[in-house]
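This report concerns only the one structure given below.
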Amino acid sequence: MINFKIIKLDATDSTNDWLKEKFFQGNCIEGDLVWAYDQTKGRGQRENQWISTPGKNLTFSLFKVFDKLSTRDQFLINCSVTLAILMALKEINIPDLSLKWPNDILSGNKKIGGVLIENFVRGDRFSGTILGVGLNVNQDNFDLFPKASSILILTQKEHDLDKLLKRLLDKFNIFFEQCKTENKIELINQYQTHLYMKDQWVVFEHTDSKFKGKIKGVNSKGKIKIEKENGTVEYFSGGSLKLLY
């Protein structure tokens, strides 16, 4: 059970970068969590920018040491964090939740959250992990981002950010306890169960070309398994493949 220490900031470029600087100075303690009212240069996967209206959403980063996990199984961190968020959102009746590989949170076809994970490794063990979470909560306008939505839009009511954060942290504690190498199969199976568009024909983009395929699952390294139209199966790593939806 982690005792979280919440540090609230009026503004910062990136909560991940703020916490990473603290880590490199040797000042990070497991459970340190930095939450920004205004994150001006939030980052997502592939160096995409995470845009968030100040004071309306949850934009935070958490420091954790996964000392019961081999670095060979680092994808389990991804599984545990995204599943924890999914379970917390189910409790407040967010409909049609799924995980868009590798770590986007969707309701229907709309993105409502995402995770950025940065691991620091010494030998075959983790010396620390920074988990960046962005969750659209009370923002009501996504005119510039038609594939995004928020909890407010989905539920037609505002949500208390502090209470929602506490709900998330409770679920993190549960799933972090499960994030061990011996639980690999169970965690990956849970993750695969919630994969967006699994077993449906969809269009992917890879190295500037497009193809149709079906998502069949992921392997223990987090590579996505795609069945192509000609029946062949290929695995792709994060950042090399884009699902067009």
Side-chain angles (χ1 to χ4, degrees), residues 1-66 77-78 80-82 84-89 92 94 103-105 111-120 126-145 148-153 155 157-176 179:
M1 184 75 70
I2 301 174
N3 292 316
F4 298 100
K5 178 186 176 184
I6 299 175
I7 305 160
K8 292 186 178 181
L9 303 177
D10 289 333
T12 188
D13 287 352
S14 159
T15 56
N16 261 43
D17 289 347
W18 191 95
L19 203 52
K20 187 159 42 175
E21 183 176 350
K22 193 171 188 284
F23 171 75
F24 288 144
Q25 291 171 351
N27 295 326
C28 264
I29 299 173
E30 182 169 83
D32 280 353
L33 186 154
V34 56
W35 174 11
Y37 175 88
D38 183 9
Q39 184 175 227
T40 58
K41 295 181 181 178
R43 292 184 290 119
Q45 289 295 315
R46 305 185 184 94
E47 296 303 317
N48 290 330
Q49 191 172 3
W50 181 272
I51 306 297
S52 179
T53 301
K56 295 290 186 179
N57 305 309
L58 282 175
T59 50
F60 66 91
S61 296
L62 167 66
F63 181 73
K64 172 80 174 82
V65 180
F66 290 91
I77 299 174
N78 190 101
S80 65
V81 174
T82 53
I85 296 171
L86 213 67
M87 296 307 122
L89 295 178
I92 59 171
I94 304 303
N103 49 21
D104 284 346
I105 313 297
K111 180 176 176 178
I112 59 173
V115 178
L116 177 64
I117 299 171
E118 297 186 77
N119 293 312
F120 306 98
F126 294 100
S127 56
T129 295
I130 292 175
L131 307 167
V133 176
L135 190 62
N136 298 330
V137 183
N138 293 322
Q139 188 167 331
D140 61 1
N141 189 319
F142 294 93
D143 288 345
L144 299 178
F145 305 94
S149 188
S150 70
I151 293 173
L152 168 65
I153 293 171
T155 63
K157 64 179 182 180
E158 288 199 356
H159 288 256
D160 185 289
L161 295 179
D162 288 278
K163 289 181 180 178
L164 183 54
L165 177 60
K166 183 182 184 305
R167 188 183 294 274
L168 287 171
L169 298 185
D170 287 344
K171 290 295 181 288
F172 283 162
N173 264 326
I174 292 170
F175 278 89
F176 288 165
C179 193

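Computed from a predicted model, the values in this text were never measured in an experiment.
- Between Leu168 and Ile85 the shortest side-chain heavy-atom distance falls below 4.5 Å.
- From Asp104, atom CG reaches atom OG1 of Thr82 across 10.0 Å, with rounding to the nearest 0.5 Å.
- Shortest non-hydrogen contact noted between Phe175 and Ser80 is CB-O, 3.5 Å.
- Taking CH2 of Trp35 as the reference point, atom CG of Leu62 lies at 14.0 Å (rounded to 0.5 Å).
- In terms of heavy atoms, Ala36 sits closest to Thr12 at CB-CG2, 3.8 Å.
- Between Lys166 and Asp162 no salt bridge is recorded (no basic side-chain N to carboxylate O distance below 4.0 Å).
- The aromatic ring centroids of Phe24 and Phe120 lie less than 6.0 Å from each other.
- Enclosure of atom CZ in Phe4 by more than 12 non-hydrogen atoms of other residues, nucleotides or ligands within 6.0 angstrom is indicated.
- Within 6.0 Å of NZ on Lys56 lie no more than 12 heavy atoms contributed by other residues, nucleotides or ligands.
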Requested in this report: Using the side-chain contact (heavy atoms from CB on, under 4.5 Å) rule, take Thr15 and Leu9 through it: C-alpha gap first, then chi angles, then the decisive distance, then the call.
Outcome: CA-CA 9 Å; Thr15 56; Leu9 303 177; 5.6 Å; no
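- Here the straight-line distance linking atom CG of Asp160 with atom CZ of Arg167 works out to 11.0 Å at 0.5 Å rounding.
- Separation of atoms CG (Asn119) and CZ (Phe126) is listed at 4.5 Å; rounding is to 0.5 Å.
- Applying the side chain to side chain contact (heavy atoms under 4.5 Å, CB included) test between Leu164 and each of Asn138, Leu169, Leu58 identifies Leu58 as the sole match.
- The backbone N or O of Asn27 sits less than 3.5 Å from a side-chain atom of Lys22, completing a donor-acceptor pair.
- Looking only at side-chain heavy atoms (C-beta outward), Ile77 and Leu131 come within less than 4.5 Å of each other.
- Between Asn136 and Lys111, the shortest heavy-atom distance links the atoms ND2-O, 3.7 Å.
- Atoms OG and CD1, on Ser14 and Ile130 in that order, are 9.0 Å from each other to the nearest 0.5 Å.
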Requested in this report: Apply the test side-chain contact (heavy atoms from CB on, under 4.5 Å) to residues Ile105 and Leu86: give CA-CA distance (whole Å), side-chain angles for both, the deciding distance (0.1 Å), then the verdict.
Outcome: CA-CA 7 Å; Ile105 313 297; Leu86 213 67; 4.1 Å; yes
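- Counting all heavy atoms, side chain and backbone alike, Ala148 lies closest to Phe142 at CB-CD2, 3.6 Å.
- Side-chain atoms of Ser150 and Gln139 include no donor-acceptor pair closer than 3.5 Å.
- Between Phe23 and Gly128, the shortest heavy-atom distance links the atoms CE1-CA, 4.5 Å.
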Query raised in the report: Where do Ile2 and Phe172 land on the side-chain contact (heavy atoms from CB on, under 4.5 Å) test, with the steps shown first?
Result: CA-CA 9 Å; Ile2 301 174; Phe172 283 162; over 6 Å; no
Report task. Go through the steps to decide whether Ile112 and Leu89 satisfy the test side-chain contact (heavy atoms from CB on, under 4.5 Å), and finish with yes or no. Result -> CA-CA 10 Å; Ile112 59 173; Leu89 295 178; 3.8 Å; yes
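- For the 3.5 Å distance criterion, the side chains of Ser61 and Asn16 qualify, holding a donor opposite an acceptor.
- The line from CG of Leu152 to NE2 of His159 is 7.5 Å long, rounded to the nearest 0.5 Å.
- Judged by the 6.0 Å distance and 45° axis criteria, Lys64 is positioned over the aromatic ring of Phe176.
- Without hydrogens or angle criteria, Asp32 side chain to Ile29 main chain gives a donor-acceptor distance under 3.5 Å.
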